[in-house]
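Take a look at the structure set out below.
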2 protein chains.
Amino acid sequence: MTEHLRETSQRRVILEELGKLTSHPTANEIYELVRKRLPRISLGTVYRNLELLSQSGLIQKLEMAGTQKRFDGTIGNHYHIRCIGCGRVDDLRLPAMKSIDEAAADLSDYEILWHKMEFGGFCPDCITPRSKRGEIEILDIKKNIIGRKD
Amino acid sequence: MTEHLRETSQRRVILEELGKLTSHPTANEIYELVRKRLPRISLGTVYRNLELLSQSGLIQKLEMAGTQKRFDGTIGNHYHIRCIGCGRVDDLRLPAMKSIDEAAADLSDYEILWHKMEFGGFCPDCITPRSKRGEIEILDIKKNIIGRKD
DNA sequence: CGTTAATCAGTAATAGTTACCATTATGGAT
DNA sequence: ATCCATAATGGTAACTATTACTGATTAACG
């Protein structure tokens, strides 16, 4: 009756490849990596294992805003930062602040269990070329829409 | 050449319905509401308008973790809390803390532009029945997977 | 009014993910 | 070592949320 995770080669390789990385790959990126070692693995298997492994607490599933899920080979309470330019996700060495939950609980009727925080910005590789361009694009949009009747 | 938003009945009704709510509906929920007044409106029109209206700053698009986008008729810097039980999203009267961005910037190579924080927990309606059940389910999963070989 | 670009309804297409199912393989029990 | 229940797999279909396309309609300016 006690169902537990079996150690299959697919599961082991997924875990190994994820362990090699300090980045936070998407399911598809993991699929491509694992496929080099197990060419016949199916994408569904990767998804299923990432789900099971994160349920078991062996890896962490990051459900970032608005984008596809990403996975973290290390578990622990730290925040993440996503690059607006290239989409990569890094750890932030800011330890999770549990006191925030209590502060929030005082302000609401909810029973608060957790919070997640996500930072956005430009990574070192994208700062120089893209930050200016990004700002200009946003300004253009606002100008077009806000500035009317002339 | 200056393209600006026209006032169509569809756009007006979407904005009106969104303004009536203090909740944060999904595109589909807005579609259902608007459809009562404009039965022939298309879901694509709702999506297009929510996108345009949020670009113009008239409403706010919330890209919450792992779920579909939600929309906020009021703009302003506050955090949101999502109910684990029923999925509803409420405002939290905790003003956004800009100092967090600076603290994070010191710890990273990124040029940090923003952060978002999302709280999770049980809303008043879901606290009593579901919090216990939710905890038990999670415990069951962990027991099944972690507890092995016995 | 007439013109024209913005917008529309309807529908097809897309991306990411999950579900299904017949077959295979793992791991505890024999 | 072999057996066997069932967890896991590969392949594929289905699904959900969202975006893109298209020809018809309409708001807003002159």
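Residue numbers begin at 1 in each chain, while the letters A, B, ... track the order of the sequences.
At a threshold of 4.0 angstrom between heavy atoms, the contacts of B/Q10 are confined to the sugar-phosphate backbone, with no base atom among them. The residue B/R11 sits close only to the backbone: its heavy atoms come under 4.0 Å of sugar-phosphate atoms, none of a base.
Near DNA chain C, meaning a heavy atom under 4.0 Å away, there are no residues from residues 16-39 of chain A.
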Close N/O contacts between protein and nucleotides 23-26 of chain C (under 3.5 Å):
unit_1, atom_1, unit_2, atom_2, d
C/dT26, O2, A/R6, NH1, 2.8
C/dT26, O2, A/R6, NH2, 3.2

Any N/O pairs under 3.5 Å between the protein and nucleotides 1-3 of chain D? List them or say none.
none

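In this structure B/R35 satisfies the salt bridge (Lys or Arg N to Asp or Glu O under 4.0 Å) test together with B/E32, sequence neighbours excluded. For the side chain to side chain donor-acceptor pair (under 3.5 Å) test, residues two or more places apart in sequence or in another chain that qualify with B/R12 are B/E7. Taking B/E29 as the reference, nothing meets the side chain to side chain donor-acceptor pair (under 3.5 Å) condition, with sequence neighbours excluded. By the side chain to side chain donor-acceptor pair (under 3.5 Å) test, B/R6 pairs with no residue at all, sequence neighbours left out. With sequence neighbours excluded, the residues that form a side chain to side chain donor-acceptor pair (under 3.5 Å) with B/E51 are B/Q55, B/K61. The side-chain contact (heavy atoms from CB on, under 4.5 Å) check on B/K20 picks up B/E17, B/R37, with sequence neighbours excluded.
As rounded to whole Å, 10 Å separates atom P of C/dT17 from atom CZ of A/R70. If you take CG of B/L50 and C1' of D/dA17, they are 13 Å apart, rounded to a whole angstrom. The CZ atom of B/F71 sits 11 Å away from the C1' atom of D/dA17 (whole-angstrom rounding). The separation between B/L52 atom CG and D/dT18 atom P is 16 Å, rounded to whole Å. Here the P atom of nucleotide C/dT17 and the CG atom of A/N49 are 15 Å apart, to the nearest Å. Between the CZ atom of B/R48 and the P atom of C/dC8 there is a distance of 5 Å, given to the nearest Å. Residue B/E51 contributes atom CD, which lies 13 Å from atom C1' of D/dA20 at whole-angstrom precision. Following rounding to the nearest Å, B/Q55 (CD) and D/dT19 (C1') show an atom-to-atom distance of 13 Å.
Atom CZ in B/F71 sits 11.0 Å away from atom CD in B/Q60 (nearest 0.5 Å). Atom CD1 in A/I30 sits 9.5 Å away from atom CZ in A/R70 (nearest 0.5 Å).
The side chain of B/I41 approaches C/dA9 more closely than any other nucleotide in the set C/dA9, D/dA17, C/dT17. Taking every side-chain heavy atom of A/Y47 into account, C/dT18 is the closest of D/dG10, C/dT18, D/dT18. Out of D/dT9, C/dA9, D/dT18, the shortest distance to the side chain of B/S42 is found at C/dA9.
Side-chain contact check for A/H80 and A/D91: at least one donor-acceptor pair (N or O, by modelled atom type) lies under 3.5 Å.
Looking at B/V46, B/V34, B/T45, B/L15 one by one, the single match for side chain to side chain contact (heavy atoms under 4.5 Å, CB included) with B/Q10 turns out to be B/T45.
Heavy-atom minimum distance, A/Y110 versus B/R82: CE2-C, 4.1 Å.
Listed by first and then second residue, the ring-ring contact (aromatic ring centres under 6.0 Å, His included) pairs involving residues 33-53 of chain B amount to none (not counting sequence neighbours). Listed by first then second residue, pairs satisfying ring-ring contact (aromatic ring centres under 6.0 Å, His included) with a partner in residues 90-109 of chain B number zero, not counting sequence neighbours.
Side-chain atoms of A/R93 never come within 3.5 Å of backbone atoms of B/L107 as a donor-acceptor pair (strictly under, hydrogens ignored).
For the helix from C/dC1-D/dG30 to C/dT30-D/dA1, the terminal axes (five pairs an end, C1' atoms, rotation from four pairs onto the next four) enclose an angle of 30°, given to 10 degrees.
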